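Okay, so here's the structure we're looking at.
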Amino acid sequence: IKKSKTMGCFVYQVTIEEGICVRSSPPTLSDDSARTPIIFERNDLVSVDLIRPSRFANSTIGPYLRCTDDSGWIFENQDGAEVAKRIPVEIGLWTFYVDHRGTTLRCHPFPGKRRYVGSFAALKPMQLIYCDRRVVSPHHQVASYRVQGTDGWVSEKDEDGTIILLAEDKVKVPPEGELFVYEVLGEDIKPCKEPSSVGDTGIQLPVVFKAGDVVVCDMVRKSPCNHFSVQHLRLSDGLGWLHEQTNNSQGRLRQLLIEKGKWTLKVNSPAGIALCRHPMDRADVMTSVTLQPGEHVTCDMRVRPSPGPATFYHVAGKEGWVFDRNDSCVMMELIPESEQVSAIEKGWSIGFVRGLALAFQWSPAIADSSTGILSFQNDSNICIHIFYSTRSVKVENDQTQSWRRDCSDDELRDIMQNPCRYTNGLSGSPNQADQEKNQRNKLIELTEEEDHISEKKTAIMKSLQTIDGVRADAMAKMEQKVEARVKELEKIQRVKEEAERLKKERDEQR
């Protein structure tokens, strides 16, 4: 079997009217005992990872197609007639956010009904995913994407037309460690359990944000329909979504400037101060965590709503806010000596450089924190030394070296992808004999590399799966937040209804 021609990611469309029954093994396709209960209907798309020609030269059945999900085999031709047609599969890298309902990976592209079984089968609401294959159903005209690191597929929309995948430009998230802060203007706003396409038609929760209230959001979702000027803001505490019309010049929300830095505050209030889920002084947003009198707390963000004398600080390492003033009372005292505003980082982060090295297969990475250097080597014995704090790069081999200073992110990426382009003749100009020798040596190197490609790919996929796992865990925690907030609100609503019932009974008795 030639790997380059028969193994890979292929997709076939079932063309026969009665569909295709999956068989347990290719040699017995004509044997009814090899049939499985799985049947692909006409126009279904089937994901295939192996194409195996028939062993018999004049066979009218085949080639045999192994289903990627290991459910069995189908075939392309039966008795000389086509029963499954191969359709183009596009290779690339696509980035999406799963819409707010979440979804489950499928074993086959749209309208795949068999659910994918694996570590990342369930895609959480608003989870970021990367895809490496794309196929469009010729019958349904719906695109499906294979999620990178899996054999599972996800479609851009469901059979009823519900959008599943949001393009990356439809979702805005703050940089890591930051948040979006908005102030409510004149009109009262009720959060919705889910974002709706038009207006406040979603299920509204029994909470009201009034003019002057300040809320914290961790995501902005634009409408997937371009003709709707609508965006939804996801509250960071899991309470729900706020709806905003972007074509309204007045608007209901105004984004506030959030300042990053490092501040230390001391609790002055004799009763202590409770952390709040949002930067406002309201009982229904307070948490159960209370800072004690005299306690020192470090904060990493602050915001000043207007009007009002209070400044709100985000407590570092916690999901909570505190404020320094309540009317004329000083709740917390800022200690000036420990005020440290973070400067803009001029160099590259170590994580950014190591990520590029991993992507372009440089190894190993040696960090020297005293000099700010990261060193790598590739399979062609070219060494690269990256001075990440000053954005300088040194490329060298056994004969010579080359320097580049004040490099941009794109320049560093290009240097690591094509190091010889930046070496100023580092490779020299070999004569014909040397060229032949180099080519033959390169052939030996490529032969050796072929044995290690699978291991390298496995290592990269393992590291990416770890990142995907962390991202999925974060989305799962948000789901837990939402459930906790809903239960809390339901309890408050029951208490309120019971109080109203008792009041009504007392009034009737009078």
Side-chain angles (χ1 to χ4, degrees), residues 5-23 36-52 63-77 82-99 101-124 127-168 224 461 464-465 468:
K5 293 185 178 180
T6 61
M7 296 188 69
C9 177
F10 312 101
V11 175
Y12 281 78
Q13 179 189 17
V14 178
T15 57
I16 189 170
E17 185 70 34
E18 57 269 27
I20 299 179
C21 178
V22 177
R23 313 300 175 102
T36 71
I38 303 172
I39 296 177
F40 290 107
E41 300 174 357
R42 185 183 183 187
N43 293 319
D44 280 356
L45 300 186
V46 185
S47 178
V48 171
D49 64 358
L50 176 64
I51 302 174
R52 174 176 169 180
Y64 304 115
L65 314 173
R66 186 176 69 184
C67 298
T68 306
D69 61 355
D70 293 329
S71 59
W73 298 72
I74 61 173
F75 39 90
E76 186 173 340
N77 297 285
E82 181 185 74
V83 297
K85 178 181 178 182
R86 182 171 166 181
I87 63 174
V89 177
E90 186 179 354
I91 300 176
L93 186 64
W94 296 267
T95 308
F96 297 101
Y97 284 89
V98 181
D99 206 6
R101 294 181 180 87
T103 189
T104 304
L105 289 182
R106 304 297 184 191
C107 294
H108 303 280
F110 185 89
K113 299 177 178 64
R114 285 176 56 80
R115 295 197 172 193
Y116 175 80
V117 178
S119 303
F120 303 104
L123 301 178
K124 302 297 183 181
Q127 180 177 340
L128 179 67
I129 61 171
Y130 292 88
C131 305
D132 58 8
R133 297 291 189 278
R134 179 180 184 268
V135 65
V136 178
S137 168
H139 180 72
H140 301 92
Q141 293 301 308
V142 174
S144 297
Y145 298 85
R146 190 183 74 172
V147 177
Q148 191 179 48
T150 76
D151 291 324
W153 294 80
V154 60
S155 302
E156 61 183 353
K157 58 184 177 181
D158 214 337
E159 289 184 86
D160 60 1
T162 302
I163 292 176
I164 297 175
L165 298 179
L166 294 173
E168 189 177 13
M461 295 308 303
L464 291 175
Q465 285 175 353
D468 289 337

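Just so it is clear, the model here is predicted, and its values are computed rather than measured. Along the sequence shown, residues carry numbers from 1.
To the nearest 0.5 Å, the span separating CG on Leu165 from CG on Leu123 amounts to 8.5 Å. Note that OG1 of Thr95 is 13.0 Å distant from CG of Leu166, once rounded to the nearest 0.5 Å. A distance of 6.0 Å separates CD in Gln13 from CG in Leu45, rounded to the nearest 0.5 Å. Expressed to the nearest 0.5 Å, how far CH2 of Trp94 lies from CD of Glu168 amounts to 14.0 Å. If you take CD on Glu156 and CZ on Phe96, they are separated by 7.5 Å, rounding to the nearest 0.5 Å. To the nearest 0.5 angstrom, Phe75 atom CZ is 9.5 Å from Leu65 atom CG.
At least one donor-acceptor pair closer than 3.5 Å links the side chain of Thr36 to the backbone N or O of Val22. Side-chain atoms of Asp160 come within 3.5 Å of backbone N or O of Thr162 as a donor-acceptor pair. Between the side chain of Thr68 and the backbone N or O of Ser47, at least one donor-acceptor pair lies under 3.5 Å. Between the side chain of Thr15 and the backbone N or O of Lys85, no donor-acceptor pair lies under 3.5 Å.
In this structure the side chain of Val154 reaches within 4.5 angstrom of the side chain of Leu105, judged on heavy atoms. Within the 4.5 Å cutoff, the side chain of Leu50 has no heavy atoms near those of the Tyr64 side chain. Annotation: side chain of Phe10 is not in contact with side chain of Val89 (no heavy-atom distance under 4.5 Å). Residues Asp468 and Gln148 fail the side-chain proximity criterion, which asks for heavy atoms closer than 4.5 Å.
Of all the heavy atoms in Asp49 and Cys67, the pair that sits closest is OD1-O, 4.1 Å. Looking at every heavy atom in both residues, Ile51 comes nearest to Tyr12 through CD1-OH, 3.4 Å. Taking each heavy atom of Pro63 and Asn77 in turn, the nearest pair found is CD-ND2, 4.1 Å. Listed here is the closest heavy atom pair of Ile20 and Val83: CD1-O, 3.6 Å. Taking all atoms of both residues into account, the shortest heavy-atom contact from Asp69 to Cys107 is OD2-CB, 3.7 Å. When all heavy atoms of Ser155 and Val142 are compared, the pair lying nearest together is CB-CG1, 4.3 Å.
Residue pairs meeting the salt bridge (charged side-chain N to carboxylate O under 4.0 Å, His left out) criterion with at least one member in residues 127-141, sequence neighbours excluded, are Glu90-Arg134, Asp132-Arg146.
Remark: Glu82 CD is packed, more than 12 non-hydrogen atoms of other residues, nucleotides or ligands lying under 6.0 Å away.
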(request) Determine, stepwise, if the pair Trp153 / Val11 fulfils side chain to side chain contact (heavy atoms under 4.5 Å, CB included). (result) CA-CA 11 Å; Trp153 294 80; Val11 175; 4.0 Å; yes
